[in-house]
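Okay, so here's the structure we're looking at.
Every chain is numbered from 1, with letters handed out A, B, ... down the list of sequences.
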Amino acid sequence: MYEEVLRNAFADALNKMGIQNDIDIIFETPKNPEHGDLSTNIAMKLAGTLKKVPREIASELIKNLSLDKNLNEKIDIAGAGFINIKFSKSFYSEILKKLYEFDKNIGKSDLGKGIKVNVEYVSVNPTGLLHLGHGRNACIGDTIANLYEWLGYDVTREYYFNNAGNQMNVLAKSIYARYRQQLDEPDFPFPDDGYHGDYVKEIASDLIKENNNKFIEDNKNNLETLRKFGEVWCFGKIKKTLERMSINQDVYYNEDSLYSEGKIKEVIDEFRNKGLAYEKDGALWLALTKMGLNDDRVIVKSTGEPTYRLPDIAYHREKFRRGFDVLIDIFGADHIATVPDVLAGVKALGFEPGKVKVYIHQFVTLTENGEQIKMSKRTGKNYTLDDLLDEVGADVVRFFLLMRGISTHLEFDLGLAREQSDKNPVFYLQYAHARISSVFDNAETKGIKLEYDIDFSILVHKTEIDLIKKLMNFQQTIETACNRGEPQILADYLRDVASAFHVFYHECRILDVEEKLMQARLALAEVTKNVMKNGLTILGIAAPNRM
RNA sequence: GCGCCAGUAGCUCAGUUGGAUAGAGCAUCAGCCUUCUAAGCUGAGGGUCACAGGUUCGAAUCCUGUCUGGCGUACCA
């Protein structure tokens with residue numbers, strides 16, 4: 001938050017020196033604390049264009065710099081030309097005072113006021129149960145939606161519900177085979193391309209419980225009924241699993257409506273009118289090569305059915321038409337190929353593809369004792385997200401799925417999550433919150449109340465200053481995590497805050513010290529608690545008062 | 001073949017708009033509880049940043065090539 005002030009001061013100084021340059025003035029926290037609190041390499045960046053030695057530029061810059069002496073203890077030049085800034089203690093008490101005033105709203109802002117964001121995630125077809133990969137998608141999407149919401153954007157959480165397409169027929173046939181196997185013919189052949197998962201057997205037995213042999217005849221109507229039964233069964237389970245992870249979406253956008261409301265046809269017509277669609281081999285092709293891509297693709301098969309690209313494009317067009325300013329798609333790595341096609345299609349229809357942000361996450365592998373556990377819907381032996389939630393709980397699952405960058409493959413070690421769950425990093429974060437709560441409980445029994453007017457300048461201990469340094473970055477961290485679509489940035493940050501608090505707690509007593517100091521430390525603990533609570537909430541993880 | 005993601009400590013991973021001595025957790029070893037929760041704190045060991053070149057004051061980060069793993073590359077979704 002103070003960076004803005006510094007940046008302006010540096011820009012002014014550059015102006016005074018008669019240097020006009022668009023170059024970004026970037027401050028970073030040096031790895032080595034001896035180098036100060038913030039550091040900039042601006043002098044080195046300018047060295048090339050100005051044809052001057054970096055250290056000379058730096059010293060001239062400092063001469064022209066007007067900063068509040070009260071808040072900045074020292075500004076000096078180091079190394080090849082770094083400018084290092086060291087803040088005074090009173091700088092930190094000023095900062096903490098502001099953080100304390102935010103109270104429970106710390107981290108919130110109105111940065112995105114009036115901007116409509118649509119975050120689409122999960123969007124699993126109702127043909128099976130959720131597995132860990134879906135869980136990753138769900139947690140990332142939910143957290144990104146939370147981040148936007150926290151920054152004041154108008155967020156819609158959306159699930160693209162696809163109950164059309166060939167995969168639903170496969171499900172119907174799979175259910176039918178299990179139904180017959182359980183009902184009257186144990187050797188009834190199971191389709192090769194069917195869904196082998198055990199849940200299909202459950203669907204069949206539920207079907208028998210409710211309807212007995214009513215659908216035993218192999219005809220189109222019965223298959224249609226089974227298809228619908230399976231869809232409702234699967235989607236019910238999916239929603240329940242999501243609820244267990246506190247994931248609730250606002251809109252379930254049904255792919256069917258794109259057909260029934262004529263949107264698919266509109267898109268086809270528009271492509272044709274623009275000369276971007278053509279017939280070949282009985283199919284309709286989209287001329288993606290005219291839009292700079294490598295290959296044209298079929299959008300309507302010779303059977304008359306559209307391929308997945310067409311409804312995907314039509315769906316994105318609808319999202320634009322519904323008035324969203326930003327469209328966010330959370331996809332697994334297997335969807336990577338569709339992205340350029342959809343973006344090209346959207347652009348051809350006259351919408352701005354730059355407003356679509358696609359976040360692709362890599363896969364999750366579930367391992368136990370070094371061996372991989374299969375999670376595929378088609379291989380039968382499933383380890384579902386529900387199974388995992390049963391074993392380790394929602395907080396652990398969410399944290400495990402969010403603690404890594406989205407673009408790396410994530411290894412979920414079941415043995416570790418199960419056996420060592422008390423050493424899980426998520427408990428480290430929650431423990432910090434619980435510890436603070438406990439301090440306030442003790443304060444209450446002693447009749448101590450946190451006052452509003454507090455003298456923060458009394459906080460000068462190194463661990464106190466270190467903690468404040470972490471706390472002041474909360475807002476910026478939320479923004480960065482949001483802009484980059486990386487929940488992991490927030491997760492890492494919270495671990496840092498928790499660590500700084502644990503160290504402070506270990507070194508400094510909060511209660512049973514002199515009144516003014518106690519008040520200031522309580523306030524520091526309060527700010528930490530609010531940051532932990534809000535940060536964990538954004539990640540969708542509970543902030544317990546006791547552990 | 002082509003495209004995307006990845007390769008960093010024993011393991012799992014941060015760090016990549018080029019910056020100062022490459023970090024964390026787990027694991028290993030050694031310490032700290034008569035005082036607000038020890039699910040905590042302190043310290044130690046552990047590295048050819050896959051490999052080979054290049055760009056420059058400076059490269060884990062940028063460029064080229066090679067190797068390894070994952071995912072795509074359908075008139076499946």
Side-chain angles (χ1 to χ4, degrees), chain A residues 24 26 28 30-32 34-35 39-41 44-45 47-48 53-54 78-82 84 123-125 127 162 164-168 170 193 255 280-285 294-295 297-309 311-312 332-340 360-363 365 367 370 400 403-413 416 420-432 434-443 446 463 488-489 491-492 495-496 498-499 501-513 518 521-522 525 546-547:
Chain A
D24 265 348
I26 292 169
E28 50 182 24
K31 283 174 213 158
N32 185 340
E34 280 171 29
H35 293 140
S39 159
T40 179
N41 62 353
M44 287 136 101
K45 286 226 158 141
V53 184
F82 292 99
N84 295 334
S123 300
V124 174
N125 297 338
T127 56
N162 180 0
N166 189 44
Q167 79 277 1
M168 295 308 296
V170 174
D193 62 346
E255 179 175 331
K280 195 180 102 186
D281 306 329
L284 187 69
W285 294 68
N294 289 333
D295 300 294
R297 300 284 181 196
V298 170
I299 51 173
V300 181
K301 296 187 244 177
S302 52
T303 59
E305 289 171 15
T307 63
Y308 63 86
R309 283 184 191 84
D312 273 4
D334 54 340
H335 279 68
I336 187 83
T338 81
V339 175
I360 307 267
H361 63 86
Q362 295 298 313
F363 279 21
T365 44
T367 58
F400 261 67
M403 67 195 272
R404 303 295 179 216
I406 69 169
S407 65
T408 50
H409 299 264
L410 193 156
E411 186 164 317
F412 197 116
D413 189 325
L416 205 76
Q420 306 188 332
S421 59
D422 58 331
K423 297 219 166 176
N424 190 293
V426 70
F427 291 106
Y428 186 81
L429 308 193
Q430 293 181 316
Y431 183 57
R435 252 184 165 178
I436 299 169
S437 299
S438 154
V439 170
F440 279 99
D441 285 350
N442 291 329
K446 290 182 183 187
T463 62
Q488 178 255 328
I489 291 172
D492 266 8
R495 194 178 37 73
D496 278 354
S499 169
F501 176 77
H502 287 310
V503 174
F504 156 69
Y505 180 91
H506 185 260
E507 295 284 323
C508 301
R509 268 200 84 75
I510 298 170
L511 303 175
D512 309 322
V513 293
M518 180 184 72
R521 284 184 175 164
L522 272 174
R546 270 168 212 293
M547 285 177 73

Handout entry: Test item: A/Asn84 side-chain N/O and A/His35 main-chain N/O as donor-acceptor pair under 3.5 Å
Key = yes
Problem - Close side-chain approach of A/Ile360 and A/Ile406, heavy atoms under 4.5 Å - result: no
Exercise for the section: Grab the CG-P distance between A/Asp496 and B/rG15 for me, whole Å please. Expected result: 12 Å
Completion exercise
For A/Arg521, the side-chain hydrogen bond (donor to acceptor under 3.5 Å, both in side chains) test, sequence neighbours excluded, returns A/Glu464
Fill in the blank from the handout: Side-chain atoms of A/Thr338 come closest, of B/rC13, B/rA77, B/rC41, to B/rA77
Exercise for the section: To the nearest Å, give me how far apart CZ (A/Phe440) and C1' (B/rC36) are. Expected result: 11 Å
Exercise for the section: For nucleotides B/rA52 and B/rC67, find the distance between their C1' atoms and express it as a whole number of Å. Expected result: 11 Å
Handout entry: Under the salt bridge (charged side-chain N to carboxylate O under 4.0 Å, His left out) test, residues paired with A/Glu28 that sit two or more places apart
Key = none
Exercise for the section: Scan A/Gly405 against the nucleic acid and name what it touches under 4.0 Å (heavy atoms): base, sugar-phosphate only, or nothing. Expected result: sugar-phosphate
Problem - A/Arg404 side-chain proximity, nearest of B/rU12, B/rC36, B/rC76 - result: B/rU12
Exercise for the section: Report the residue (A/Pro30 or A/Ala337) whose heavy-atom-nearest nucleotide on RNA chain B is the more 5′ of the two. Expected result: A/Pro30
Exercise for the section: Could you check A/Ala333 against A/Ala498 and say which one's nearest nucleotide on RNA chain B is further toward the 5' end? Expected result: A/Ala498
Problem - Partner set under side-chain hydrogen bond (donor to acceptor under 3.5 Å, both in side chains) for A/Arg495, not counting sequence neighbours - result: none
Handout entry: B/rA24 versus B/rU66 - spacing of their P atoms, nearest Å
Key = 36 Å
Problem - Pairing residues for A/Phe412 by the ring-ring contact (aromatic ring centres under 6.0 Å, His included) criterion, not counting sequence neighbours - result: A/Phe400
Exercise for the section: For A/Phe400 and B/rC13, give me the distance from atom CZ to atom P, rounded to whole Å. Expected result: 11 Å
Completion exercise
With the side chain defined as heavy atoms from C-beta on, A/Phe363 is closest, among B/rC71, B/rC75, B/rC36, to B/rC71
Problem - Closest to the A/His506 side chain, choosing from B/rC75, B/rC71, B/rC41 - result: B/rC41
Handout entry: Nearest-Å distance for atom pair CG/C1', residues A/Leu284 and B/rA74
Key = 17 Å
Practice task
Would you check if A/Val300 and A/Glu305 make a side-chain contact, meaning some heavy-atom pair closer than 4.5 Å?
Solution key: no
Problem - Consecutive-pair stems (3 or more, Watson-Crick or G-U, under 3.5 Å) for RNA chain B - result: B:1-7 with B:67-73, B:10-13 with B:23-26, B:28-32 with B:40-44, B:50-54 with B:62-66
Problem - Listed partners of A/Ser437 passing side-chain hydrogen bond (donor to acceptor under 3.5 Å, both in side chains), at least two apart - result: A/Asn545
Practice task
Would you please name every residue forming a ring-ring contact (aromatic ring centres under 6.0 Å, His included) with A/Tyr428, sequence neighbours left out?
Solution key: A/His502
Problem - Length of the OH-P vector between A/Tyr428 and B/rA24, whole Å - result: 12 Å
Exercise for the section: Check whether any side-chain N or O of A/Trp285 sits under 3.5 Å from a backbone N or O of A/Lys280 as a donor-acceptor pair, and report yes or no. Expected result: yes
Handout entry: In B/rC33, glycosidic geometry as syn within 90° of 0 or anti otherwise
Key = syn
Practice task
Pick the P atom in B/rG15 and in B/rG58, then give their distance to the nearest Å.
Solution key: 26 Å
Practice task
Tell me, with the steps shown, if A/Thr408 and A/Gln362 meet side chain to side chain contact (heavy atoms under 4.5 Å, CB included).
Solution key: CA-CA 6 Å; A/Thr408 50; A/Gln362 295 298 313; 5.9 Å; no
Practice task
Describe the nucleic acid contact of A/Arg546 in one word from base, sugar-phosphate, nothing, applying a heavy-atom distance below 4.0 Å.
Solution key: base
Exercise for the section: Using only side-chain N and O atoms of A/Lys301, determine if any of them is under 4.0 Å from OP1 or OP2 of B/rC76. Expected result: yes
Extract from the structure each pairing of a protein N or O with an N or O of nucleotides 2-11 of chain B at less than 3.5 Å, listing the distance.
residue : atom : partner  : partner atom : Å
B/rC5   : O2'  : A/Ser407 : O            : 2.3

Practice task
Measure from the side chain of A/His502, starting at C-beta and using heavy atoms only, and say which of B/rC36, B/rC71, B/rC41 lies closest.
Solution key: B/rC41
I'd like a list of close polar pairs between nucleotides 16-19 of chain B and the protein, N/O only, cut-off under 3.5 Å.
residue : atom : partner : partner atom : Å
B/rG19  : N7   : A/Asn41 : ND2          : 3.2

Handout entry: Check: A/Ile26 main-chain N/O paired with A/Thr40 side-chain donor or acceptor under 3.5 Å
Key = yes
Problem - Same-atom distance (C1') from B/rG18 to B/rA59, integer angstrom - result: 6 Å
Problem - Whole-Å C1' distance, B/rU61 and B/rG19 - result: 11 Å
Handout entry: Sugar-phosphate, base or nothing in reach of A/Thr307, heavy atoms under 4.0 Å
Key = sugar-phosphate
Handout entry: Spacing of the P atoms in B/rC57 and B/rG43 (rounded, Å)
Key = 39 Å
Practice task
Have a look at A/Glu507 and say if it touches a base, only the backbone sugar-phosphate, or nothing, with a 4.0 Å heavy-atom cut-off.
Solution key: nothing
Handout entry: Under the salt bridge (charged side-chain N to carboxylate O under 4.0 Å, His left out) test, residues paired with A/Asp512 that sit two or more places apart
Key = A/Lys446, A/Arg509
Practice task
Specify the separation, in whole Å, of atom CD1 of A/Ile436 and atom C1' of B/rG40.
Solution key: 13 Å
Practice task
Answer yes or no: side-chain N or O of A/Asn84 and base N or O of B/rA20 forming a donor-acceptor pair under 3.5 Å.
Solution key: yes
Exercise for the section: For nucleotides B/rC2 and B/rA44, find the distance between their C1' atoms and express it as a whole number of Å. Expected result: 50 Å
Practice task
Please determine, for the side chain of A/Arg495, which listed nucleotide (B/rC41, B/rU73, B/rA24) has the closest atom?
Solution key: B/rA24
Exercise for the section: Rounded to the nearest angstrom, tell me the gap between atom CZ in A/Arg309 and atom P in B/rA74. Expected result: 8 Å
Exercise for the section: Applying side-chain hydrogen bond (donor to acceptor under 3.5 Å, both in side chains), name anything that partners A/Thr307, two or more places apart in sequence or on another chain. Expected result: none
Exercise for the section: Answer with base, sugar-phosphate or nothing: what part of the nucleic acid does A/Ser39 contact at a heavy-atom distance below 4.0 Å? Expected result: base
Problem - For atom CE of A/Met547 and atom C1' of B/rA38, their distance in whole Å - result: 13 Å
Exercise for the section: Pick the P atom in B/rA9 and in B/rC76, then give their distance to the nearest Å. Expected result: 44 Å
Problem - Residues forming a salt bridge (charged side-chain N to carboxylate O under 4.0 Å, His left out) with A/Asp281, sequence neighbours excluded - result: none
